[in-house]
Visitor: 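Have a look at this one.
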Amino acid sequence: MYWGISLVRDLEGKQKVSTGISPSGPIHLGNLREILTGDIIYKSMLLSGKDASFIYLCDDIDPLRKVYPFLPQSYSEHVGKPLRDIPAPEGTDTYSEYFLAPFLKSIETMDVRPEVIRTGNLYAEGKFGDITKIFIERKEEVRNILQSISGRDLEENWFPYNPRCSSCGRINSAVPYDFSDRYVYYRCSCGNEGRSDIYTDQGKLPWRLEWPAKWKILGVTFEPFGKDHGTQGGSYDTGKAISEKILDYPAPRPQMFERILRKGKGAMHSSTGVNIPATEILDFVPPEMVRYMMARVPPSRHIEFDPESGFLNLMDEYERLIKLRGENKLDEDQITLLNISFTGRKNDEIPDYRHLTTLVQIYSRDEQIEKILEKNGNKYDPHILHERIKQARHWVMNYAPESSRFHILDENSPVNLNEDGKKVICNLMANIKSLETWNAEAIHEAARKAIQQSSVSPSEGFSYIYRVFIGKDRGPRLGFFLEGMERDKVEKRLSFSCGA
RNA sequence: GGGCCCAUAGCUCAGCUAGGUAGAGCAUCUGGCUUUUAACCAGAGGGUCAGGGGUUCGAAUCCCCUUGGGCCCGCCA
């Protein structure tokens, strides 16, 4: 049974899947796993005929924790302020929206369409007020739960609410000393004294209390999260206890997911520099492929992402499945997997990715590629084809291993041919010079003839030709390849090589 | 110190959530195609399922231990 289906099959009643993020910087592939795991579970519920919804929380009231490497030093004055109160590194948006907006656009192309909720708005609307009050009134009970389950000692003056200083705007420097009615009174290290209304966004709950509060406020029944939250005594454990003992709300079904590693480079951490921003992934990975990557393995397994040849193999695997589906050769799980990976766009008919990585190295203009493909009798959705060509180009430029790359050699760069090789090239030159039309078929015919005339084996003959043009033993389909070059250049290169 | 995950063919992995003859793709080799979408078709070789113990008529699969690898927590979220 497909993992998503078996995960949700025993659930009863209305379901609400929730995931979220603290938009403190560029959102990367690891964050993508979080939201896609949520989406896959959500869609598995729908496929199982359950009444389900899917929300995504943007924790824009979380404070900026430090000046990240991608920020100018001037941001040190903003450390400790809610992300939604800080200006974006560029433009006029807030910091949180600046990083959230491109991410939301990215996930839409992957057919991920959760209800997006900004946690800061929930505070501003007063949604946390009642629960905050409960936490404050039952402070000692809450403290005991946190201490006994997490095993850590909370400070003597620990308080279940972090006010935002009305003067300096920081959410981590105001120390509460009193509470009455709906106000938390504080003194801030900046010298300011004031009070926060807990029914507004003048402060927030600490994470370990905020999480269970969200479950209850929003009615969450299922939540995937990274293993950092799932450790024993971690925030899920304390959240579950708080939710059940203090808030009288059953904790959502948890699903821990493993990390995504960059092949050979380790974990995708913003700090280690090996992470690839989510938006850049989509520059070369087709959206359905990103879904497929996350959907094909259960969340408990780590994913080793290899953007080089591993990625190409994965594309092959996916395209093979699509082909087999057309022939009705898939089992139930494979069909579910494809349905889950599907983005709703009809692009089964796109030429395979591997082929495109060759074409984009021969032709510099998209129209040439489209013309060649059409000439072979194929008609594709121009929009999706154009997008796929762009992705293939990006891959070749940035990720292709040497074995998948080629470049055309200069007319008079040195050649090293034996007697047989020279024979093939000289024959080819003669055949090509006598061609009346410059098209792929004729060129290919000329090559075939030249090889025959030289009485070498076809594979040997072709490899001589590739060596002359790209310095390798193999290459893209010869006729199309040479047709894409200027005839004059081809002839010059051949005559140079023949005479060399 | 605590927790989670992983270990199956040369490589990448499936099979474990129903315990019942060991699987796929890639790579290699053989044969076919007057050779090209960096192919295709037919076939072959290749395994002590990390090691040990247990449960069972029967274990890659369930339980325990060991080894090796990876990650997370013990700041904040």
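Scope of the values below: all heavy atoms of this structure, side chains included, with no hydrogens, waters or symmetry mates. Here is how names work: the chains are called A, B, and so on, in the same order as the sequence lines, proteins then strands, and each is numbered from 1.
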Visitor: Let me know the distance between CG of A/Leu205 and C1' of B/rA77, rounded to the nearest Å.
Guide: 13 Å
Visitor: Which nucleotide, B/rG2, B/rU17, B/rC4, lies nearest any side-chain atom of A/Ser6?
Guide: B/rU17
Visitor: Heavy-atom distance under 4.5 Å between the side chains of A/Phe128 and A/Lys214, does that happen here?
Guide: yes
Visitor: Let me know which of A/Tyr236, A/Trp211, A/Phe257 forms a ring-ring contact (aromatic ring centres under 6.0 Å, His included) with A/His229.
Guide: A/Trp211
Visitor: When rounded to the nearest Å, what value does the distance between C1' atoms of B/rA50 and B/rC57 take?
Guide: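 Each nucleotide's C1' atom is 27 Å from the other's.
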Visitor: Counting the atoms with a prime plus P, OP1 and OP2 as sugar-phosphate, which does A/Tyr2 contact under 4.0 Å by heavy atoms, base, sugar-phosphate, or nothing?
Guide: nothing
Visitor: Look through every strand shown and name the nucleotide pairing with B/rG1 as Watson-Crick or G-U wobble, where both distances are under 3.5 Å.
Guide: B/rC73
Visitor: In whole Å, what separates the P atom of B/rA18 from that of B/rU56?
Guide: 23 Å
Visitor: Scan every strand shown for a Watson-Crick or G-U wobble partner of B/rC13, both distances under 3.5 Å, and answer none if you come up empty.
Guide: B/rG23
Visitor: Base, sugar-phosphate, or nothing: which does A/Glu317 touch, judged by heavy atoms less than 4.0 Å apart?
Guide: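 It contacts nothing in the nucleic acid.
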Visitor: Considering only the P atoms, how many Å lie between B/rU28 and B/rU55, rounded to the nearest integer?
Guide: 47 Å
Visitor: Checking all strands, does A/Phe406 fall into the base, sugar-phosphate, or nothing category for heavy-atom contacts under 4.0 angstrom?
Guide: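 Here A/Phe406 touches the bases of the nucleic acid.
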Visitor: Are A/Arg253 and A/Asp10 ion-paired here, with the side-chain N under 4.0 Å from a carboxylate O?
Guide: yes
Visitor: Tell me: CZ of A/Arg33 to P of B/rC72, nearest whole Å?
Guide: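 Rounded to whole Å, this separation is 14 Å.
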Visitor: For atom C1', what is the distance between B/rC29 and B/rG10, given to the nearest Å?
Guide: 13 Å
Visitor: Is any side-chain N or O of A/Ser300 closer than 4.0 Å to OP1 or OP2 of B/rC5?
Guide: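 Indeed not, no polar side-chain atom of A/Ser300 lies that close.
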Visitor: Would you indicate which nucleotide in B/rA14, B/rA77, B/rC71 comes nearest to any side-chain atom of A/Pro206?
Guide: B/rA77
Visitor: Check this for me, if you would: do A/Lys204 and A/Asp62 make a salt bridge, where the nitrogen-to-carboxylate-oxygen distance has to be below 4.0 angstrom?
Guide: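 Salt bridge between A/Lys204 and A/Asp62, a charged N being under 4.0 Å from a carboxylate O: yes.
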Visitor: Quick one: do A/Glu367 and A/Lys371 make a salt bridge, cutoff under 4.0 Å?
Guide: no
Visitor: Is it true that A/Asp85 and A/Arg164 make a salt bridge, defined as a side-chain N closer than 4.0 Å to a carboxylate O?
Guide: yes
Visitor: Quick one: does A/Ser22 reach the base of B/rA77 with a side-chain donor-acceptor pair under 3.5 Å?
Guide: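 Per atom types, no contact qualifies.
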Visitor: Is there a donor on the side chain of A/Arg448 or the base of B/rU35 sitting less than 3.5 Å from an acceptor on the other?
Guide: no
Visitor: Are the side chains of A/Ile340 and A/Ser44 in contact, using a 4.5 Å heavy-atom criterion?
Guide: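 In contact.
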Visitor: Tell me the partner of B/rA7, counting only Watson-Crick (N1-N3 plus N6-O4 or O6-N4) or G-U wobble (N1-O2 and O6-N3) with both under 3.5 Å; none if nothing fits.
Guide: B/rU67
Visitor: What is the separation between atom NE2 on A/His229 and atom P on B/rC73, rounded to the nearest whole Å?
Guide: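 Those two atoms, NE2 and P, are 9 Å apart.
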Visitor: Considering only side-chain heavy atoms of A/Arg65, which listed nucleotide, B/rU36, B/rC76, B/rC5, is closest?
Guide: B/rC76
Visitor: OP1 or OP2 of B/rC6 versus the side-chain N and O atoms of A/His302: is any pair under 4.0 Å?
Guide: no
Visitor: Using atom CG of A/Leu321 as one end and atom C1' of B/rC13 as the other, report the distance to the nearest whole Å.
Guide: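 Distance, rounded to whole Å: 14 Å.
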Visitor: Could you measure between the two C1' atoms, the one in B/rU8 and the one in B/rA14, and give it in whole Å?
Guide: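 Those two atoms are separated by 10 Å.
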Visitor: Per the atom types in the model, does the base of B/rG2 pair as donor or acceptor with the side chain of A/Thr231 at under 3.5 Å?
Guide: yes
Visitor: What nucleic acid atoms does A/Arg9 come within less than 4.0 Å of, heavy atoms only: base, sugar-phosphate, or nothing?
Guide: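 Base: the residue A/Arg9, judged by heavy atoms under 4.0 Å, touches a nucleobase.
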Visitor: Angle between ring planes, A/Tyr75 versus A/Tyr95, binned at 30° and 60°: parallel, tilted or perpendicular?
Guide: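 It falls in the tilted class, 30° to 60°.
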Visitor: So if I take every side-chain heavy atom of A/Phe462 and compare against B/rG70, B/rC6, B/rU35, which nucleotide ends up nearest?
Guide: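 Among the listed nucleotides, the one closest to the side chain of A/Phe462 is B/rU35.
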Visitor: Rounded to whole angstrom, note down the P distance from B/rG70 over to B/rC64.
Guide: 24 Å
Visitor: Applying a 4.0 Å non-hydrogen cut-off, can you work out what A/Arg152 is touching in the nucleic acid: base, sugar-phosphate, or nothing?
Guide: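 It contacts sugar-phosphate atoms only.
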Visitor: Could you please name the option among B/rC71, B/rU36, B/rA77 that lies closest to any side-chain atom of A/Lys227?
Guide: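 Between B/rC71, B/rU36, B/rA77, the one nearest the side chain of A/Lys227 would be B/rC71.
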Visitor: What integer number of Å spans the C1' atoms of B/rC11 and B/rC75?
Guide: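 Going atom to atom, C1' in each nucleotide, I get 41 Å.
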Visitor: Have a look at A/Asp228 and say if it touches a base, only the backbone sugar-phosphate, or nothing, with a 4.0 Å heavy-atom cut-off.
Guide: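 Contact class for A/Asp228: base.
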Visitor: Phosphate oxygens OP1/OP2 of B/rG70: is one of them under 4.0 Å from a side-chain N or O of A/Arg259?
Guide: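 No, outside the criterion.
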Visitor: Out of A/Ile35, A/Thr19, A/Leu36, which residue meets the side-chain contact (heavy atoms from CB on, under 4.5 Å) rule with A/Pro224?
Guide: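 Output: one option passes, namely A/Thr19.
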Visitor: Please measure how far the P atom in B/rU61 lies from the corresponding atom in B/rG53, and state the result in whole Å.
Guide: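 Rounded to whole Å, the distance is 13 Å.
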Visitor: Using the closest heavy atom to pick a nucleotide of RNA chain B for each, name whichever of A/Gln232 or A/Pro298 lands nearer the 5' end.
Guide: A/Gln232
Visitor: Are any of the side-chain nitrogens in A/Glu308 or A/Arg405 under 4.0 Å away from the carboxylate oxygens of its partner?
Guide: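 Judged by the 4.0 Å cut-off on N to carboxylate O distance, A/Glu308 and A/Arg405 do not form a salt bridge.
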Visitor: Using nucleotides 29-31 of chain B, report all nitrogen or oxygen pairs with the protein that are shorter than 3.5 Å.
Guide:
none

